Amino acid sequence: MQLYYEAYADMIYRLGFTYMKNGNDAEDVVQETFLRFVRQTPDFANEEHVKAWLIVTASNYCKSMLRHWWNRRAKMGEIEDKPDDSYDHDAVLDAVLELPDKYKTTIFLYYYEGYTSKEIAQILHKQRCLWYQEPPML
């Protein structure tokens, strides 16, 4: 478990940050993803299946959190968000953060994690009909 955490915690944090747009919630995503990993102890054929499971689980958790954002925002409305300086992002990442959820994960997996469109389709259990070739480099 420790080896998986060391290998993938940063990747899960970045994915969580692209969805949640702040460091604290991204840390929650990392924690919840690895808690689910420990509780379910799934069997994997190889290392790539572990990585794919973590990505899909983290992405689904982010989407779940965002569906309930109205509830959390009401409770935290009086708290000021201060910027999290531990994560350095640029204008491109800001643009990615503004994309609809269905595009964020795909863009993250392709440009930030280096997956091919075929691998992304397999990870997300989607058909590869949107890209007939690899997308252009940004």
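Everything quoted here is computed from the prediction, not taken from an experiment.
- The ring pair (Phe, Tyr, Trp, His ring centres under 6.0 Å) test applied to F34 returns Y5, not counting sequence neighbours.
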Given the rule in the side chain to side chain contact (heavy atoms under 4.5 Å, CB included) test, do V29 and Y13 qualify, once you have shown the distances and angles that lead to the verdict? CA-CA 7 Å; V29 171; Y13 179 87; over 6 Å; no
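- Legend: salt bridge (charged side-chain N to carboxylate O under 4.0 Å, His left out) pairs involving residues 37-65, not counting sequence neighbours, sorted by first then second residue: K51-E113.
- In this structure, I12 and L54 approach most closely via the heavy-atom pair CD1-O, 3.6 Å.
- Remark: L15 CG to L109 CG distance equals 7.0 Å, nearest 0.5 Å.
- Residues V38 and W53 are members of one and the same hydrophobic cluster, defined by side-chain heavy-atom contacts under 4.5 angstrom among Ile, Leu, Val, Met, Phe, Trp and Tyr.
- Looking only at side-chain heavy atoms (C-beta outward), Y110 and T116 stay at 4.5 Å or farther from each other.
- Nearest heavy-atom pair across C62 and G16 is SG-CA, 3.8 Å.
- No donor-acceptor distance shorter than 3.5 angstrom exists from the side chain of Q40 to the backbone of F37, with no hydrogens or angles considered.
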Going through the distances and angles, do Q31 and E27 end up as a side-chain hydrogen bond (donor to acceptor under 3.5 Å, both in side chains)? CA-CA 6 Å; Q31 178 179 342; E27 290 172 3; over 6 Å; no
Where do R36 and T33 land on the side chain to side chain contact (heavy atoms under 4.5 Å, CB included) test, with the steps shown first? CA-CA 5 Å; R36 291 178 184 190; T33 300; 6.0 Å; no
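- Interatomic distance, CG of D10 versus CZ of F17, reported as 12.0 Å (0.5 Å rounding).
- In this structure, T57 and E32 have side chains that are not in contact, with every pair of non-hydrogen atoms separated by 4.5 Å or more.
- No chain of hydrophobic side-chain contacts below 4.5 Å, direct or via other Ile, Leu, Val, Met, Phe, Trp or Tyr residues, connects L35 to V30.
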Please walk me through it: do L66 and M20 pass side chain to side chain contact (heavy atoms under 4.5 Å, CB included)? CA-CA 8 Å; L66 289 170; M20 308 312 298; 3.8 Å; yes
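- Nearest heavy atoms, F44 versus V50: CD1-CG2, 3.3 Å.
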